[in-house]
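Note that the structure is predicted; figures quoted are calculated from it, not measured. Each residue takes its place number in the sequence, starting with 1.
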Amino acid sequence: MADTATQHLTVEHPVLDAIRNRWSPAIFSPRTVEPEKLLSILEAARWAPSSNNAQPWSFLVARKEEPEEFARMLSCLVPANVVWAQHVPVLMITAAKLHFDNGKINRHAFHDTGIATGLLMLQAASLGIQAHGMAGFDPAKARELYSIPESHEAVAALGLGYPGDEQGAPEELRTRNQHTPRRTVDQFVFAGRWGERFPLL
């Protein structure tokens with residue numbers, strides 16, 4: 001098993017273990033994600049904050065235990081993601097409701113769906129499970145296959161499962177199965193005006 005504990009990049013300031021332990025592996029174990037843990041992960045998304053408490057997110061879920069459903073969702077992914085995602089125990093597609101109930105455009109719908117997805121990922125990480133987000137999927141195909149209403153838009157796909165063993169994995173996946181460098185806090189936190197260093201840093 002890959003020693004993920006040795007892969008973590010050094011944090012600049014203390015953070016929760018679930019944040020530090022979260023990453024996006026490309027190699028997953030065939031181990032099933034236990035139903036109670038999957039429900040706990042989805043429950044975390046339920047508690048995300050949102051503009052006007054609109055809760056615009058939805059999650060389509062396909063498990064490896066349901067081969068036809070899994071294959072259907074897998075078919076929405078671009079080939080480069082199918083290479084590794086075909087081995088995950090759980091696939092998801094997120095969708096955002098684009099308008100508030102009063103008909104006004106919710107310009108924060110994608111933002112809030114992202115927050116819900118982030119909480120889902122952190123809950124997963126706290127359970128030793130990782131979620132790898134994917135922009136590489138076909139939203140139009142997802143709409144067609146899942147009858148996503150025009151009121152919603154597919155946002156992203158996710159592969160979710162326990163990290164796997166690099167031994168015997170293709171070189172392409174071993175190369176992708178790494179933590180990527182992070183910008184330092186002073187590169188994205190400003191005060192006073194854009195680009196000015198935050199005094200506490």
Side-chain angles (χ1 to χ4, degrees), residues 1-34 37-38 41 44-45 59-67 69-94 110 113-142 154-188:
M1 180 69 69
D3 183 8
T4 58
T6 64
Q7 295 181 16
H8 300 320
L9 302 179
T10 302
V11 296
E12 296 180 13
H13 309 282
V15 296
L16 297 173
D17 287 343
I19 295 173
R20 181 173 177 153
N21 293 336
R22 190 215 65 77
W23 64 300
S24 301
I27 299 173
F28 285 83
S29 165
R31 175 181 170 185
T32 297
V33 174
E34 299 86 343
K37 290 186 179 180
L38 180 54
I41 289 166
F59 293 83
L60 292 158
V61 183
R63 300 187 301 148
K64 205 69 174 283
E65 294 91 336
E66 302 157 341
E69 285 299 316
F70 190 88
R72 182 158 65 126
M73 189 167 289
L74 191 68
S75 75
C76 295
L77 307 184
V78 299
N81 283 330
V82 171
V83 170
W84 63 267
Q86 64 183 311
H87 302 295
V88 302
V90 181
L91 286 173
M92 298 184 190
I93 291 176
T94 65
F110 276 39
T113 298
I115 293 177
T117 303
L119 291 189
L120 177 152
M121 289 177 163
L122 293 182
Q123 180 67 18
S126 75
L127 298 171
I129 297 166
Q130 298 296 344
H132 186 143
M134 292 173 270
F137 81 112
D138 187 337
K141 187 171 185 178
V155 178
L158 297 170
L160 185 140
Y162 291 95
D165 192 342
E166 289 190 356
Q167 187 173 358
E171 177 62 27
E172 176 188 359
L173 293 187
R174 292 201 304 273
T175 300
R176 294 180 64 179
N177 199 53
Q178 303 293 329
H179 287 271
T180 53
R182 296 286 170 173
R183 291 188 295 160
T184 56
V185 175
D186 62 354
Q187 291 178 305
F188 62 86

Could you give the side-chain donor-acceptor pairs of residues 156-163 under 3.5 Å, partners two or more places apart or in another chain?
unit_1	atom_1	unit_2	atom_2	d
Tyr162	OH	Arg31	NH2	3.3
Tyr162	OH	Glu34	OE1	2.7
Tyr162	OH	Glu34	OE2	3.3
Tyr162	OH	Lys37	NZ	3.1

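When every heavy atom of Met121 is checked against every heavy atom of Gly133, the shortest pair comes out as CE-N, 3.9 Å. When all heavy atoms of Pro67 and Glu65 are compared, the closest pair comes out as CD-O, 3.3 Å. Nearest heavy-atom pair across Val83 and Leu173 is CG1-CD2, 3.9 Å.
To the nearest 0.5 Å, atom CG of residue Leu119 and atom CD1 of residue Ile41 are 12.5 Å apart. Interatomic distance, CZ of Arg63 versus CE of Met73, reported as 12.5 Å (0.5 Å rounding). Here the CD atom belonging to Gln123 is positioned 11.0 Å from the CG atom belonging to Leu38, to the nearest 0.5 angstrom. Here Gln86 contributes atom CD and Leu74 contributes atom CG; the two are 6.5 Å apart, rounded to the nearest 0.5 Å. A distance of 10.0 Å separates CE in Met134 from OG1 in Thr94, rounded to the nearest 0.5 Å. Here Gln178 contributes atom CD and Trp23 contributes atom CH2; the two are 7.0 Å apart, rounded to the nearest 0.5 Å.
The shortest distance between side-chain heavy atoms of Ile129 and Phe28 does not fall below 4.5 Å. Proximity of Leu120 to Met92: side-chain heavy atoms (C-beta onward) are separated by under 4.5 Å at one or more points.
Thr113 places no side-chain N or O within donor-acceptor distance of the main-chain N or O of Phe110, the cut-off being under 3.5 Å. Side chain of Lys64 to backbone of Leu91: no donor-acceptor contact under 3.5 angstrom is found. For Gln130 (side chain) and Asn21 (main-chain N/O), a donor-acceptor pair under 3.5 Å exists by modelled atom type.
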Test side-chain contact (heavy atoms from CB on, under 4.5 Å) applied to Leu122 and Ile19, step by step: CA-CA 6 Å; Leu122 293 182; Ile19 295 173; 3.9 Å; yes

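Applying the salt bridge (Lys or Arg N to Asp or Glu O under 4.0 Å) test to Glu69 and every residue at least two apart in sequence or in another chain returns Arg72. Here His87 pairs with nothing under the ring-ring contact (aromatic ring centres under 6.0 Å, His included) rule; sequence neighbours left out. For Pro139, the side-chain contact (heavy atoms from CB on, under 4.5 Å) partners are Phe137, Ala154, not counting sequence neighbours. Qualifying salt bridge (Lys or Arg N to Asp or Glu O under 4.0 Å) partners for Asp186, counting only residues two or more places apart in sequence or in other chains: Arg197. Taking the side-chain contact (heavy atoms from CB on, under 4.5 Å) definition, one finds that Arg176 meets it with Ala26, Asn81, Trp84, Glu172, sequence neighbours left out.
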